[in-house]
2 protein chains.
Amino acid sequence: MKVTINDVAKLAGVSMKTVSRVINKEPSVRKKTYDIVMDAVNTLNYQPNLAARNLAGTSSFTVGLVYDNPNAYYVIDMQNGVLSRCKEEGYELVIHPCNYLDSNMEDDFKTMIKRSRLAGLVLTPPLSEQSSIIDMLDEMGIHYVRVLSGRPTDEEQDTCIFVNDYEAAYEITSHLLSLGHTHIGFLCGDKEHKSTTERLEGYQAALKDHNIALNDELIYEGQYSFESGVEGAKALLGTDNPLQITALLGGNDEMAAGALFASRLMGIEIPEQLSITGFEDSPFSRQTWPKLTTAHQANDVISQHAARLLFRKTRGARNQDKEIITTFTPSLVVRESSGPKT
Amino acid sequence: MKVTINDVAKLAGVSMKTVSRVINKEPSVRKKTYDIVMDAVNTLNYQPNLAARNLAGTSSFTVGLVYDNPNAYYVIDMQNGVLSRCKEEGYELVIHPCNYLDSNMEDDFKTMIKRSRLAGLVLTPPLSEQSSIIDMLDEMGIHYVRVLSGRPTDEEQDTCIFVNDYEAAYEITSHLLSLGHTHIGFLCGDKEHKSTTERLEGYQAALKDHNIALNDELIYEGQYSFESGVEGAKALLGTDNPLQITALLGGNDEMAAGALFASRLMGIEIPEQLSITGFEDSPFSRQTWPKLTTAHQANDVISQHAARLLFRKTRGARNQDKEIITTFTPSLVVRESSGPKT
DNA sequence: TAGGACATTGACAGCGTTGTCATTTTAACT
DNA sequence: AGTTAAAATGACAACGCTGTCAATGTCCTA
């Protein structure tokens, strides 16, 4: 019933170790031998046992995905991306949701790592920004790849995948500017998140480049949540829109949806009286009325490349085949929630 | 650096095997010995190696979560629930998204199972309904727990967790009836899904109990998607609402959101001219305008109990401590999208 | 106080791989 | 053909734990 490496070896007429070499794609196996072994593998439908590999080998075949992001769409996308690479490479994925409010998160982390020795970790924001975590991992000698909001720096090229929120925010803001808006509010997330400051700076840079004076009163700091989007829109627009805002940049789709919701309550027509934009292009940016103009962030692709980067580090030169993109810029998607200033 | 069972044994002054007994909570370890060993475990901060346990033991410490549900919120909830139990019991979770359109899904499945011998699987709908899969698992002798839409039957009590959609749909429909609605449309999912027929039957039963004649024209079959919700609402309400519909039951929150969207397009006021209800209470049922009346489905709790049920089967009598609920009925949550008939 | 029954513990092999190092085969030279 | 270096393969221990079964300890009974 259960097929082991020995069965394959016997059928192929080689030693166990040679089969091991073949399935690990080690060099220094003769082509002919390789083919014979692969034939045996296929006829027996052999699947190497992960537990044994993890136990015996120096490197492991499980990678961890660590996240601390309340957004389900985001997590699923990241998960699927990493998973698709894992499947290809024969790795297994264990997921590890975290709560950064949780004080014993680091212990939790260590436990997980001890339990199943890991090939490496993929860290998603905002967790990937926490230096205490990174330091701990460095200290423990654990491989990792961080998905980060930011503009690439030479230094961290090989452990980071950057999402250029700055650029994307610049683009969205430019879009609104080109529609004639000049009084543009910003519903940002909390400033501890790198993405918040990046998006904010992109927004400000675009305004500057169009010679529009910055005004801090136009910025509302929320928590990337629907509720804080509602609050933010109410706060900025007030009862009679004293700041004469005609466009609102949501820090993410959820906040934009909140702003949409608030606008309804206040009887403001979108986009006629107010343009609203999102960020991330999560599915529900298409499920609002009107549909959200937003910046599409290809999370599944991003996480695939994160996984690739991790595997490259883990398995050394063995699979350098595919190119790895380390910087992604979300791209503008224009829908119905933004329109010309009237 | 790495602490093994031997280190613990040495420190505690017992044999390796006794430590093993302690960490596996086997009976027949003297209380005193137990305490000594646990002390050693704690001072060394010992974490048993999962790979070794899986390799050496007859039972495994990894469980699989298999899903084929496009709804991110649902998946995350299920995942978190199962994960929380796993953490407690020292298990590890590997996730396995499927695509039931994919023809070689079953092979995929087998590969996964061979790779890492599993303690068992948690199957979520609609995958849990597919008898071909169940048969395969039975044949392979794999433990599993199915989360299913349905009313409990005695027979499958020990491998199934039921979500009583029938009852919930009955309740939602009754809610609408009590508001005075008599012409109630139903935007259901595709009929291959068990949940669709369950919800449909609940809806019909409620109508019957109120002596309202059933009318198939009031039922639109979609795919549980936002888009099909839009289409369904358009189809049922037509240009001049020939069926005189004053309330619309969404098969799930997404379809309800779609109906909301369509209503906006058609200039129908919610809930003044039309009541709309959802199903599942996913986060975005609170992020629509108006917020959706829906049936709350506690997916995280459901999946926790699914995991418990699995562990009970896996580990035999070792942890019978907590009671397991095997039937859950989503409960009505009244929000702003439903109102009295005017 | 001896004998037996049962509870508790330990010694050791084995799970299915990979790492190390020794051995054989091949290729590349004189 | 003979030598040598390099490439290809194999033998065997080890990874950290659990299962088996034998050994010891404890408590009871007569």
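Heavy atoms only: backbone and side chains are in, while hydrogens, waters and symmetry mates are out. Chain letters run A, B, ... following the sequence lines, proteins first, then strands; residues in each count from 1.
Comparing D:dT9, C:dT9, D:dC17 against the side chain of B:Pro48 picks out D:dC17 as the nearest.
B:Arg117 has its CZ atom 16 Å from the P atom of D:dC17, to the nearest Å. Atom-to-atom, CG of B:Asn6 to C1' of D:dT18 comes out at 13 Å; the value is rounded to the nearest Å. Atom CD1 of B:Ile5 and atom P of D:dA14 are 19 Å apart (whole Å). Rounded to whole Å, the distance from CZ on B:Arg115 to C1' on C:dG16 is 15 Å. Following rounding to the nearest Å, B:Tyr34 (OH) and C:dA7 (C1') show an atom-to-atom distance of 18 Å. Look at NZ on B:Lys10: it is 13 Å from P on C:dA11, rounded to the nearest Å. C:dG16 atom P lies 11 Å from atom CE of A:Met16, rounded to whole Å. The CD-P distance, from B:Glu26 to D:dG19, rounds to 7 Å in whole Å.
Within the 4.0 Å cut-off from OP1 or OP2 of C:dT18, at least one side-chain nitrogen or oxygen of A:Ser20 is found. Contact between the side-chain N/O atoms of A:Asn24 and the OP1/OP2 oxygens of C:dT18 is found at a separation under 4.0 Å. Using a 4.0 Å cut-off, some side-chain N or O of A:Thr18 falls inside it from OP1 or OP2 of D:dG10. One finds a side-chain N or O of B:Thr33 lying less than 4.0 angstrom from the OP1 or OP2 phosphate oxygen of C:dT9. Using a 4.0 Å cut-off, no side-chain N or O of B:Thr4 falls inside it from OP1 or OP2 of D:dG16.
Dense packing is recorded around NZ of B:Lys114, with more than 12 heavy atoms of other residues, nucleotides or ligands lying under 6.0 Å away. Crowding of B:Lys110 atom NZ: a count of heavy atoms from other residues, nucleotides or ligands under 6.0 Å not exceeding 12.
Between B:Arg30 and B:Tyr46, the residue whose closest nucleotide on DNA chain D is further toward the 5' end is B:Tyr46.
Between B:Phe109 and B:His96, the two ring planes are perpendicular [angle over 60°; tilted spans 30° to 60°]. Note on ring orientation: taking the six-membered ring where Trp is involved, the planes of B:His305 and B:Phe328 are perpendicular (angle over 60°, cut-offs 30° and 60°).
Across residues 49-57 of chain B, B:Leu55, B:Ala56 each have a non-hydrogen atom less than 4.0 Å from an atom of DNA chain C (numbered order).
Here the CD1 atom belonging to A:Ile95 is positioned 4.5 Å from the CD1 atom belonging to B:Ile95, to the nearest 0.5 angstrom.
Ring centers of B:Tyr73 and A:Tyr73: under 6.0 Å apart, within the cut-off. Aromatic ring centroids of B:Tyr67 and B:Tyr74 lie 6.0 Å or more apart.
One N or O donor and one acceptor, one from the side chain of B:Arg21 and one from the base of C:dG10, sit under 3.5 Å apart. Applying the 3.5 Å distance criterion, the base of C:dG19 shares a donor-acceptor pair with the side chain of A:Lys17.
A cation-pi arrangement is found for A:Lys313 relative to A:Tyr144, the charged atom lying closer than 6.0 Å to the ring centre and inside a 45° cone about the ring normal.
Neither side chain, B:Asn24 nor B:Glu26, offers a donor N or O lying under 3.5 Å from an acceptor on the other. Side-chain polar atoms of B:Thr62 and B:Glu92 form no donor-acceptor pair below 3.5 angstrom.
Two end axes, each from the C1' atoms of five base pairs, can be drawn for the helix from C:dT1-D:dA30 to C:dT30-D:dA1; they diverge by 30°, to 10 degrees.
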